[in-house]
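Scroll down for the structure; my scribbles are underneath it.
Below, chain A is the first sequence line, B the second, and so on; all start at residue 1. Since this is a predicted model, take the numbers as computed values, not measurements. Every heavy atom of this structure was used, including side-chain atoms; hydrogens, water molecules and symmetry mates were not.
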There are 2 protein chains.
Amino acid sequence: MAETTKTEKLTGSAKVYKQLREDILRMDLAPGQPLDEVGLAERFSLSRSPIREALVKLAGEGLVHVLPNRSTIVSPINFQDLPRFLDTLDLLQRATHRLAAENRTEEELAEISAAREAFLEGSRESIATNNSVPHIERNYDFHMAIARACRNPYLIRYYGQLLDEAKRLGHMRFQFKSQTTDLKPEDLDAQHKQMVEAIARRDGAAIEELAHEHANLFRGQFMDYVMANHTQRVAVTY
Amino acid sequence: MAETTKTEKLTGSAKVYKQLREDILRMDLAPGQPLDEVGLAERFSLSRSPIREALVKLAGEGLVHVLPNRSTIVSPINFQDLPRFLDTLDLLQRATHRLAAENRTEEELAEISAAREAFLEGSRESIATNNSVPHIERNYDFHMAIARACRNPYLIRYYGQLLDEAKRLGHMRFQFKSQTTDLKPEDLDAQHKQMVEAIARRDGAAIEELAHEHANLFRGQFMDYVMANHTQRVAVTY
DNA sequence: AGACGACAAAATGTCGACAGTTTTGTGTAT
DNA sequence: ATACACAAAACTGTCGACATTTTGTCGTCT
């Protein structure tokens, strides 16, 4: 509706927080990269106080790690806990999506359906421009539109945090697989379409199964990434 | 081990954070109470900077609400979302406790068993001194000892956050029911004992059912509280 | 040459002060 | 007496400077 511009009387630290959050989730800031307070202060033309405030907020969400008396760094991708992350994403996706199907209103159904179409378009745009952002952002929007319909603020918050981390993982995968040949938006959209249909008929059992399959698809993409031998062409004997 | 005293070279804001967190979870600070920065600065003999930092951290955990350009307040108890809170507590308790039973080590089992005994003692102390803190803290410790054994850092974090809020609810219930007549530590401990036994024999299905019953017990205590007519002795006609 | 220690540089942690906004209180007009 | 306008007070948001801690370097000693 309104939202004339993106700068609508935000406080300084809020702007820094929002910008850094976006940079981190889009992997424009590399995991492990140190975030110097004076450097950020210069970049944003602000004092260190609002910078610190933004960093503390980000630390609360786990997006950055504060090393006491040392530099704050962008949270590293935790490969060690990746299986547990995927387990949790699966669990909360099943829970939110099932509850959404059972409790959704007509209005929420319409929003979910619109989010599906936006995803398909964004995914095609990503292939056309070789830019992963639209694909990943619209996918996030679609699943969050479903999650919001579950009406459980606790599940929404936790699932949203996991999806945030999933954004970083998605971008990381795209960075290494620069050619987006294996991205088939129609395949993903086929699953999304089934989800919307299940939500439309309030079929909780069906969407829980679909959510599980969808999470496993994501899991498989990542196992591919982790298993891929990125050094096979490097000779170890010479 | 070490831990000579509680003040072991902590930074100022960390001390404020820790203290405020404890005060909020123990309901020494009432929900909705405004937290004035200058007042807190005087109380802790610090500047406003470390105070603000602590408040921002607490806001990230949802323990306080920051009203822009207005005073920060202790997060109100959200009665409207209480059913959803209890649903989520049930779900994550089942998940963490089942995984704990299936993945625990012998060392973790011993810690859980010790936490059970500590709870029984703390609960008796609470009755003797009419102070709810030991009962609630040792109950938290017991369930977190189980949760830690599930080895999933995401579930541990989210379940821990829910248990934090459960602490506040528990203290609130005790404050209104000043007589702790209905507190039967042996009953709760009986359930705890069954849980430990299920974990000992790695019986995931059994402990999931026990966790569900346990969550329902908590739910019932709260429904009693919510349903109780606290105004029955107040005349509305005069 | 390697190890230990003092010194220097840089970053974080904290402080006191100023600016902008919201709330409170007062006075006036109706 | 009530409602509105304005002023004063209180509080948050931000700033620049100082204090403390850590890190890196250099020099000396073994």
Considering only side-chain heavy atoms of [X], which listed nucleotide, [options], is closest?
X: B:R52; options: C:dT12, C:dT14, D:dT14; result: D:dT14
X: A:T11; options: C:dT23, D:dG13, C:dC15; result: D:dG13
X: B:D36; options: C:dT23, D:dT12, C:dT12; result: D:dT12
X: A:N69; options: D:dT14, D:dC11, C:dT12; result: C:dT12
X: B:E37; options: D:dG13, C:dT23, C:dG13; result: D:dG13
X: B:L46; options: C:dC15, C:dC18, C:dT22; result: C:dC15

Protein-nucleotide distance ([X], atom [atom1]; [N], atom [atom2]), rounded to Å:
X: B:H65; N: D:dT12; atom1: NE2; atom2: C1'; result: 18 Å
X: B:L67; N: C:dT23; atom1: CG; atom2: P; result: 10 Å
X: B:I51; N: C:dG13; atom1: CD1; atom2: C1'; result: 13 Å
X: B:I73; N: D:dC11; atom1: CD1; atom2: C1'; result: 15 Å
X: A:L40; N: D:dT14; atom1: CG; atom2: P; result: 15 Å
X: B:F44; N: C:dC15; atom1: CZ; atom2: C1'; result: 17 Å
X: A:R48; N: C:dG13; atom1: CZ; atom2: P; result: 8 Å

Shortest non-hydrogen contact from B:C150 to B:L99?
->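 Reported closest heavy-atom pair: CB-CB, 3.7 Å.
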
5' precedence on DNA chain D between B:V38 and A:S49 (nearest-nucleotide basis) = B:V38

Find which nucleotide of DNA chain D each of A:P68 and A:E53 is nearest to by heavy atoms, and output the residue with the more 5' nucleotide.
-> A:E53

Quiz item: B:S71 side-chain donor-acceptor pair to D:dC11 base, under 3.5 Å = no

Would you mind checking if A:E108 and A:R151 are paired as a salt bridge, meaning a charged N to carboxylate O distance below 4.0 Å?
->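 Salt bridge flag = yes for A:E108 with A:R151.
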
Aromatic contact, B:Y158 with A:Y158 (centres under 6.0 Å) | yes

Quick one: is B:R70 getting a side-chain N or O under 4.0 Å of the C:dT23 phosphate, OP1 or OP2?
->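 Indeed, a polar side-chain atom of B:R70 lies that close.
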
Do A:E117 and A:L120 have side chains that get closer than 4.5 Å, going by heavy atoms?
->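 Not in contact.
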
Between the main-chain N or O of A:P50 and the side-chain N or O of A:S13, is there a donor-acceptor pair closer than 3.5 Å?
-> no

